[in-house]
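Right, one structure below, let's go through it.
This is a predicted model, so every value here is computed, not measured. Side chains included, hydrogens not; waters and symmetry mates left out as well; all remaining heavy atoms used.
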Amino acid sequence: MMIIRTIIQRYVRCTCSGHTLWITFLFSLFHIGGLTAQQKTLSQHDGPYILYTSEQLNLIRVRGGQLEMQQEIAPTFEVISEKGDHRFQVTLHPIEIPKATYKHNSDILVLSDPHGDFDSFHAVLKAHRVIDEKYQWTFGKKHLVVIGDIFDRGDDVLPLFWLLYKLEAEASQAGGAVHFLLGNHEEMTLRGNLKYAKEKYTNLAQHLDINYQELWDMESELGRWLLSRNTIEKIGDHLFVHAGLSADIIGNVWTINAINDSTRAHVHQRKEEREHSPAARFLFGSNGPLWYRGMVRTDEKYNPLSTADLEQIMKQYDVKHLFVGHTIFPEVTSFYEGKVYGVNVSNKSNREKGASRGLLIKGNKRYRIYDDPKKKERI
């Protein structure tokens, strides 16, 4: 955390007429620690990034286009979307590795690949009474499953993560559960591949003179929370994973716990480091659970899964249905005669044209859901 400590030391706290200001020395005028006058403009709102040093809790954020840093912060803080039209309070809570296996005794709402689109995510949660006007959990003892990929493409990555972080604690208190599974865009960002990141995030890193992924390491609150997430989970006889399961998963090696534990062990590593581990090469490779498309694509290059291998996988994990994201479809779609479901759709486009947004599991029945809560279609 020397880098974060160095950033903190660039700021000075001064009190003027009862108002506390955070001022960065010559931050926009001169070259300091590799920063130059050619820096690009910051976004309207980003963060907060909650970072730990040995001495204290620190906050970095962009608010109203200005970079702010605070030390010794309160455990409750405000989160603001890029355009400022979504604002809610988050309170820090203990982070625990969630269970990977649950009983199925309530409804399950399944969404996938929000990709920084807070408006669309908020709309479908509110329509189906998962949250209320104050962004608070109102789904009772039911389950919300988000099958990965919050990073990249959109402007509201941090509000999405903080909302799920917040709802996780509230759902647990109500007897429900929030499940966020790692996707390939989580592993890409955590290892420093920012190919699909919006410029606002790389601009912030430039202003701080760090690599963006350093804001997500184990000395950050959301970094710790992400590292605690599972890659695969089972609720009753339903199995959830971001991309899919290839025939390489068959056997007694890759139990649910083994997949989750091994992914956590390697997710922060650079691609070159992962090459030294056969487990990491598989988990983060094209046939691994974060990237494999062969459950929902039949093109030869995707190494499509045979029906026999699917049956073996289902028997291995003792499930009847599998749910994946990653590969985008015009509508929520089923495969293998209703045994596999692809939940990833273009959320913004589908919201605008009234197409399906996710899937609701009620007992042994599955329904496409829409932004219109009165509309649902069995699938």
Side-chain angles (χ1 to χ4, degrees), residues 1-3 95-101 113 146-152 161 179-197 205 210-234 239-297 301-305 309-310 312-313 316-317 319 322 324-327:
M1 272 279 94
M2 285 302 297
I3 291 175
I95 296 172
E96 298 178 352
I97 294 176
K99 297 188 299 182
T101 303
D113 296 64
V146 182
I147 318 179
D149 277 9
I150 284 180
F151 278 118
D152 298 336
F161 275 126
H179 312 257
F180 175 73
L181 304 181
L182 295 177
N184 64 301
H185 284 262
E186 276 70 53
E187 75 91 0
M188 288 175 69
T189 299
L190 293 179
R191 65 176 160 90
N193 185 335
L194 304 179
K195 179 179 179 180
Y196 300 104
I210 62 172
N211 296 317
Y212 182 67
Q213 68 270 25
E214 292 178 64
L215 293 172
W216 297 88
D217 68 15
M218 281 300 290
E219 298 306 318
S220 72
E221 181 72 4
L222 283 179
R224 294 177 179 181
W225 186 79
L226 269 179
L227 191 64
S228 74
R229 299 304 92 184
N230 289 322
T231 299
I232 183 170
E233 288 187 3
K234 176 180 172 182
L239 194 64
F240 303 86
V241 66
H242 177 65
L245 301 178
S246 70
D248 293 347
I249 211 87
I250 295 173
N252 59 8
V253 173
W254 291 114
T255 63
I256 289 176
N257 287 337
I259 293 171
N260 291 328
D261 292 344
S262 293
T263 302
R264 271 191 285 270
H266 297 285
V267 71
H268 271 112
Q269 291 180 337
R270 298 189 306 274
K271 197 170 184 178
E272 297 77 17
E273 294 176 292
R274 293 174 183 170
E275 287 299 315
H276 299 293
S277 166
R281 288 201 302 271
F282 164 65
L283 290 169
F284 300 100
S286 59
N287 280 351
L290 298 177
W291 289 91
Y292 179 64
R293 298 186 191 270
M295 275 190 155
V296 295
R297 295 290 296 269
K301 66 178 179 179
Y302 295 120
N303 188 23
L305 187 72
D309 284 338
L310 173 64
Q312 184 62 34
I313 289 171
Q316 178 171 316
Y317 295 107
V319 296
L322 291 96
V324 301
H326 190 51
T327 304

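Here the shortest heavy-atom pairing between Gly223 and Met218 reads O-SD, 4.2 Å. Taking each heavy atom of Arg297 and Pro304 in turn, the nearest pair found is O-CB, 3.6 Å. What you find for Trp291 and His326 is that their closest heavy atoms are O-NE2, 3.3 Å.
Residue Ile232 forms a side-chain contact (heavy atoms from CB on, under 4.5 Å) with just one option from Leu182, Leu181, Leu245, Ile147, and that option is Leu245.
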As a quick check of understanding, evaluate side chain to side chain contact (heavy atoms under 4.5 Å, CB included) for Val267 and Phe284, giving each step before the final call.
CA-CA 8 Å; Val267 71; Phe284 300 100; 4.2 Å; yes
Audit row: Arg224, Glu219, side chain to side chain contact (heavy atoms under 4.5 Å, CB included) steps and yes/no
CA-CA 7 Å; Arg224 294 177 179 181; Glu219 298 306 318; 3.5 Å; yes
Please evaluate residues Trp254 and Gln316 with respect to the criterion side chain to side chain donor-acceptor pair (under 3.5 Å), reporting the C-alpha separation (whole Å), side-chain torsions for both, the decisive distance (0.1 Å), and the verdict.
CA-CA 10 Å; Trp254 291 114; Gln316 178 171 316; over 6 Å; no
Using side chain to side chain contact (heavy atoms under 4.5 Å, CB included), reason through Ile97 and Arg264 one step at a time and then give a plain yes or no.
CA-CA 10 Å; Ile97 294 176; Arg264 271 191 285 270; 3.6 Å; yes
Walk me through it: do Val241 and Ile259 pass the test side chain to side chain contact (heavy atoms under 4.5 Å, CB included)?
CA-CA 11 Å; Val241 66; Ile259 293 171; over 6 Å; no
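In this structure, Arg191 and Gln269 have side chains that are not in contact, with every pair of non-hydrogen atoms separated by 4.5 Å or more. Annotation: side chain of Ser228 is not in contact with side chain of Glu96 (no heavy-atom distance under 4.5 Å). Under the 4.5 Å side-chain criterion, counting only non-hydrogen atoms from C-beta, Glu187 is not in contact with Leu283. Two residues are said to be in side-chain contact when any heavy atoms from C-beta on lie closer than 4.5 Å; Phe282 and Val253 fail this criterion. Between Met188 and Phe151 there is no side-chain heavy-atom pair separated by less than 4.5 Å.
Taken from CD1 in Ile249 to CG in Asp309, the straight-line distance is 12.0 Å, to the nearest 0.5 Å. How far CG of Leu322 is from OH of Tyr317: 9.5 Å, rounded to the nearest 0.5 Å. The distance from the CG atom of Leu226 to the CG atom of Leu190 is 6.0 Å, given to the nearest 0.5 Å. Here the straight-line distance linking atom CD of Glu275 with atom CZ of Arg281 works out to 6.0 Å at 0.5 Å rounding. Distance check, rounded to the nearest 0.5 Å: CG of Leu290 to OG1 of Thr231 gives 5.5 Å. Interatomic distance, Asn184 CG to Ser286 OG, rounded to the nearest 0.5 Å: 12.0 Å.
Put simply, the side chain of Arg293 never gets that close to the backbone of Ala243: no donor and acceptor are under 3.5 Å apart. Under the 3.5 Å distance criterion, the side-chain polar atoms of Asn230 are matched with a main-chain donor or acceptor of Lys99. Looking only at distances, no side-chain donor or acceptor of Tyr212 sits under 3.5 Å from a matching main-chain atom of Thr189. Distance alone, capped at 3.5 Å, is enough to place a donor-acceptor pair between the His268 side chain and the Trp216 backbone. Panel note: side chain Glu186, backbone Asp149; a donor-acceptor pair is recorded below 3.5 Å. In this structure, the side chain of His242 does not engage the main chain of Pro289 through any donor-acceptor pair within 3.5 Å. Side-chain N or O atoms of Arg270 include none that pairs as donor or acceptor with a backbone N or O of Gly192 at under 3.5 Å. Judged by distance alone, the side chain of Ser277 and the main-chain N or O of Arg274 form no donor-acceptor pair under 3.5 Å.
Two rings, from Phe240 and His179, have their centers 6.0 Å or more apart.
In this structure, the side-chain contact (heavy atoms from CB on, under 4.5 Å) partners of Ala197, at least two apart in sequence or on a different chain, are Asp152, Leu194.
Between Phe180 and Trp225, the ring planes are parallel. Angles under 30° get that label, and only those over 60° would be called perpendicular.
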